[in-house]
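Just so you know, these numbers use all the heavy atoms, side chains as well, and skip hydrogens, waters and symmetry mates. Remember, it's a predicted structure, so these values are computed and weren't measured experimentally. Positions are given from 1 along the sequence.
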Amino acid sequence: MLILTCPGQLQRLEEALRRSLPFSLPEHRDPGDFYANQLTVYYRDEGAWRALLGGTEAVGWTRAFQMQGMQEGMYEAVREAADAKGLRLETYPYQALLSPQPPRPRVQVPPGLRLAPVSPSHVPLLNATWGFGGNARSRRFLLGLVRALPNVCLLGPRGRPVSWSLLDPLGCLSHGYTLPAWRGQGLTGVTLGALGRGLHARGFPIYCRVLPRNTSSQRAVRAVGFLPQPGTFYTLVVTPQ
């Protein structure tokens, strides 16, 4: 492994990763449950990746974690390693979509609603509506996202969020939701547009991942300018038996 020791090396690494988007993503690792313990895969040599999985301590197999990546052979290598170790593997194959420019909402902010940052007080609602949520660990994870990363929501007349968009630790727009009573009005595009403009102004890529079977979300993000990318964006959740 090459240890980067000067700003010039870091700049060259950033340039290489930007050229390879969305296949290259930063790595975020924290001890604990699979919500916080996230690994991201980026490689050019599949053989080196398999050797890293099997012959080093780069992956902590004794604790729960999730691994994300789009590289060819990534899923197969993790599946084989997990099977060999007797670990449980849950597989979530997403469609990755990239917005070259800030998303373009089809509607303006409707009367009675207003854009605002997501507040920590909103986290119980986010946790209750998230497909992976509903527990103390997911609540703690979402609270960390709200406090640390850019986000936006539309507040209803009573100050309660009706639609929101958050970044995950990899800079992906993967936490978006609109309450059922408010769907069909283009609100997802409004929040994506507001958050996307801020990301674009700072020079960050604007991308998301959506399950292929989630046709309503697929339509919503494509309608505001997101373009599907080749390959599969895997989220693999590995837990000890």
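Under the side chain to side chain donor-acceptor pair (under 3.5 Å) criterion, no residue pair touches residues 98-111, with sequence neighbours excluded. Screening residues 100-127 for ring pair (Phe, Tyr, Trp, His ring centres under 6.0 Å) gives no qualifying pairs among residues at least two apart or on separate chains. Every pair passing salt bridge (Lys or Arg N to Asp or Glu O under 4.0 Å) that includes a residue from residues 208-222 is listed here, sequence neighbours excluded: D168-R209. Among pairs with a residue in residues 225-236, none fulfils salt bridge (Lys or Arg N to Asp or Glu O under 4.0 Å), at least two apart in sequence or across chains.
Both Y43 and L53 are members of a single hydrophobic cluster when ILVMFWY side chains are connected at heavy-atom separations under 4.5 Å. A chain of hydrophobic side-chain contacts below 4.5 Å, direct or via other Ile, Leu, Val, Met, Phe, Trp or Tyr residues, connects F141 to L167. Cluster membership check: L149 shares its hydrophobic cluster with W164, using side-chain heavy-atom separations under 4.5 Å among Ile, Leu, Val, Met, Phe, Trp and Tyr.
In this structure P117 satisfies the side chain to side chain contact (heavy atoms under 4.5 Å, CB included) test together with N151, sequence neighbours excluded. V107 is linked by a side chain to side chain contact (heavy atoms under 4.5 Å, CB included) to V190, counting only residues two or more places apart in sequence or in another chain. With sequence neighbours left out, the side chain to side chain contact (heavy atoms under 4.5 Å, CB included) criterion links V123 to R139, L142, L143, V146. Partners of Y177 by side chain to side chain donor-acceptor pair (under 3.5 Å), not counting sequence neighbours, listed by chain and number: R183. Listed by chain and residue number, S138 satisfy the side chain to side chain donor-acceptor pair (under 3.5 Å) test with N127 (two or more places apart in sequence, or in another chain). Every residue two or more places apart in sequence or in another chain that forms a side chain to side chain donor-acceptor pair (under 3.5 Å) with T178 is listed here: S163, T188. Among residues two or more places apart in sequence or in another chain, the side chain to side chain donor-acceptor pair (under 3.5 Å) test is passed with S121 by S119.
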- request: Go through the steps for F226 and L98 under the test side-chain contact (heavy atoms from CB on, under 4.5 Å), then give the verdict.
  value: CA-CA 5 Å; F226 282 85; L98 184 70; 5.8 Å; no
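The shortest side-chain heavy-atom distance between R160 and L125 falls under the 4.5 Å cut-off.
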Just list the side-chain donor-acceptor pairs under 3.5 Å for residues 80-90, sequence neighbours left out, or say none.
{"from": "E80", "atom 1": "OE1", "to": "R50", "atom 2": "NH1", "distance (Å)": "2.7"}
{"from": "E90", "atom 1": "OE1", "to": "Y92", "atom 2": "OH", "distance (Å)": "2.8"}

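Ring centroid separation for the pair F34 and F65 does not come in under the 6.0 Å cut-off.
Atom CD of E72 has 12 or fewer neighbouring heavy atoms from other residues, nucleotides or ligands inside a 6.0 Å radius.
Between N135 and Y35, the side chains place a donor N or O and an acceptor N or O closer than 3.5 Å (distance only, hydrogens not considered).
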